[in-house]
Amino acid sequence: MGSIAFDAVRTPFGSRDRMLGGAASHFALAASMLHPVRIVGPVGDDFGEAEMAVLRTRNTNVDDVEQVPGGKTFFWAGVYGDDLNTRETLETALNVFEHFEPKLSPESQSADTLFLANIQPSLQLEVRRQCRAARFVAMDSMNLWIDIARDELVQMIGEVDCLMLNDEELRQLTGKPTLLAAAREVLSWGPAGPSMIVGKQGEHGSALITADDYFSIPAFPLERVVDPTGAGDVFAGGFMGLIASQRERGLDGDVLRNAMAYGTALASFNVEQFGTEALQSATPEAVAERVGALWRMGRFERLDVDLIR
Ligand code: AMP
C-alpha cells in the first residue's frame with residue numbers, strides 16, 4: 001500500500017509532464033519479479049486503462065486499487081539538481097488519498113508480508129491494523145511526513161519489523177548525527193518496534209542494521225543515470241519480494257543480504273529510464289546478472305598482511 005501517482009519530473013537529461021509514478025507503483029513493478037503482489041491504494045477518474053495495465057505487470061493483482069468517481073489521482077512534481085543527488089519537491093497533491101478509507105479485501109488482509117510504502121502515516125497505520133496475519137511488515141516514509149505528521153509516524157514505526165528510510169531522513173527523524181546512531185535509536189523504540197533498519201544512501205548504496213549485525217552494499221555502478229525517482233521504492237520491492245519468496249526458509253542473515261542485493265540490482269534498472277519504463281521490461285536474466293556482479297564487487301580474499309607496529 002502506498003501512493004499510486006502521476007509524476008512530473010525534470011532531470012538534467014529530460015523531463016516528463018505526467019507519467020505513472022507513486023511509491024506503491026514502483027514497489028509493485030519490482031516485487032512482482034520475485035513474488036505475487038497485491039497493490040492497494042486509490043486512483044481517480046483520470047487514471048486510465050493504460051496505467052492500470054502497467055500496474056498489472058507480471059500479474060500484480062489490482063483488486064484493491066479503488067477508482068474514486070470524480071476523484072483525481074495523487075500528483076507529485078519534482079526537479080533534480082545537476083548531480084542528481086539533490087531533489088526539490090515542487091508540488092504534492094494528495095487528491096484521492098486525502099479522504100481515502102482503506103477497506104482491504106480478505107485476500108489482502110491475509111497477506112503474510114506487508115509493505116507500507118510512502119504515504120500519510122495514519123493510512124499506513126490503518127492498513128497495518130487490517131492486515132492482522134502479516135508476519136513481516138516493513139515501511140518507508142519521507143521528510144514531508146517527518147515535518148507534518150511526526151507523532152503518527154513515530155507511532156507507526158513502533159508497529160513494524162523493518163524501517164526503511166533515506167540516510168538523511170533517519171538523521172532528521174532522530175536528531176542523531178550518524179546513520180548508525182540514528183538506527184540504534186530507532187531500534188530502541190518499544191518492544192513491538194523495528195528489529196531492523198535499512199538506511200538508503202542513494203548512489204552510495206544502502207546499509208542494514210540490526211541489534212547485532214551491520215551489512216552494507218554499494219549501489220550498482222552506472223555511468224548514466226536518467227531519473228532517480230522511485231529508486232527507493234524499487235529497492236524496497238526487491239527487498240520485500242526476496243523475503244516473501246523465501247518465507248519457507250525464514251529470515252536468516254543470508255536471506256536479508258540477498259534481499260539487499262536484489263533491491264540494489266532492481267533499483268539500478270529503474271534509474272536508467274524515466275518513471276516505471278525500465279522495470280516494465282527488465283528481464284530475470286539481466287537482474288540475476290547484476291546480482292552476480294554485485295556479489296563479485298564486494299568480495300575479496302583476505303591476505304596475510306604483517307602490520308608494522
Ligand atoms: P522516491 O524517489 O523513492 O522518493 O519515490 C518517488 C515517488 O514517490 C514518486 O513516484 C512520487 O509519486 C511518490 N511521492 C512523492 N512524494 C510523496 C509523498 N509525500 N507521499 C507518498 N508518495 C510520494
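Because only heavy atoms are used, hydrogens play no part in the values below, and waters and symmetry mates are left out as well, while side chains stay in. In each ligand, atom 1 is the first atom listed, and ligand 1 is the first ligand listed.
When non-hydrogen atoms are compared, ligand 1 lies under 4.0 Å from the backbone of Asp233 as well as from its side chain. With a 4.0 Å cut-off on non-hydrogen atoms, Met19 does not touch ligand 1 at all. When non-hydrogen atoms are compared, ligand 1 lies under 4.0 Å from the side chain of Asp7 (C-beta onward) but not from its backbone.
The atoms of ligand 1 that sit less than 4.0 Å from any heavy atom of Gly21 are 10 (O). In the vicinity of Gly232, heavy-atom distances shorter than 4.0 Å reach the ligand 1 atoms 3 (O). Close approach of ligand 1 to Gly22 is summarised as follows: ligand atoms under 4.0 Å from at least one heavy atom of the residue are 9 (C), 10 (O), 12 (O). Atoms of ligand 1 found under 4.0 Å from any heavy atom of Thr229 (numbered from 1 in listed order, with element): 2 (O), 6 (C), 9 (C), 10 (O). Those atoms of ligand 1 with a heavy atom of Leu144 less than 4.0 angstrom away are 19 (N). Residue Met142 approaches ligand 1 through these ligand atoms, each under 4.0 Å from one of its heavy atoms: 16 (N), 17 (C), 18 (C), 19 (N). Atoms of ligand 1 lying under 4.0 Å from any heavy atom of His26, numbered from 1 in the order shown and given with element: 10 (O). Interface of Ala5 with ligand 1, defined as ligand atoms under 4.0 Å from a residue heavy atom, comprises 12 (O).
A side-chain N or O of Ser105 and one of Asp64 form a donor-acceptor pair less than 3.5 Å apart. For the residue pair Glu168 and Asn143, no side-chain donor N or O sits within less than 3.5 Å of a side-chain acceptor on the partner.
Salt-bridge annotation for Asp161 and Arg135: absent, with no side-chain N of the basic residue lying under 4.0 Å from a carboxylate O of the acidic one. Residues Asp112 and Arg247 are paired through a salt bridge, judged by an N-O separation under 4.0 Å between the basic side chain and the carboxylate.
The protein heavy-atom contact nearest to atom 8 (O) of ligand 1 is Ala23 N, 4.0 Å. Here the heavy atom of the protein found nearest to atom 4 (O) of ligand 1 is Arg87 NH2, 2.9 Å. Atom 21 (C) of ligand 1 has its closest protein heavy atom at Asn118 O, 3.0 Å.
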Between side-chain atoms of residues 289-297 and protein atoms elsewhere (two or more places apart, or another chain), which donor-acceptor pairs fall under 3.5 Å?
unit_1, atom_1, unit_2, atom_2, d
Arg290, NH1, Ser268, OG, 2.8
Arg290, NH1, Glu272, OE1, 3.4
Arg290, NH2, Glu272, OE1, 3.4
Arg290, NH2, Glu272, OE2, 3.3

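His26 places a side-chain N or O within 3.5 Å of a backbone atom of Gly22 that can act as its donor or acceptor partner.
For Phe115 and Phe27, the ring centers sit closer than 6.0 Å to each other.
Partner of Leu266 under the side-chain contact (heavy atoms from CB on, under 4.5 Å) criterion, out of Leu29, Leu242, Leu34: Leu34 alone.
For Ala24 against Ala117, the heavy-atom pair with the smallest separation is N-CB, 4.1 Å.
Applying the side chain to side chain donor-acceptor pair (under 3.5 Å) test to Asp306 and every residue at least two apart in sequence or in another chain returns nothing.
Nearest to atom 6 (C) of ligand 1 by heavy-atom distance, out of Ser141, Gly230, Ser3, is Gly230. Scanning Phe27, Phe6, Phe74 for the heavy atom closest to atom 14 (N) of ligand 1 points to Phe74.
Taking 4.0 Å as the cut-off, Gln120 does not count as a neighbour of ligand 1 on heavy-atom distance. Under the 4.0 angstrom criterion for non-hydrogen atoms, Trp145 is in contact with ligand 1.
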(Q) Could you walk me through whether Asp227 and Thr11 satisfy the side-chain hydrogen bond (donor to acceptor under 3.5 Å, both in side chains) test, starting with their C-alpha distance in whole Å, then the side-chain angles of each, then the deciding distance to 0.1 Å, before giving a yes or no? (A) CA-CA 6 Å; Asp227 173 18; Thr11 83; 6.0 Å; no
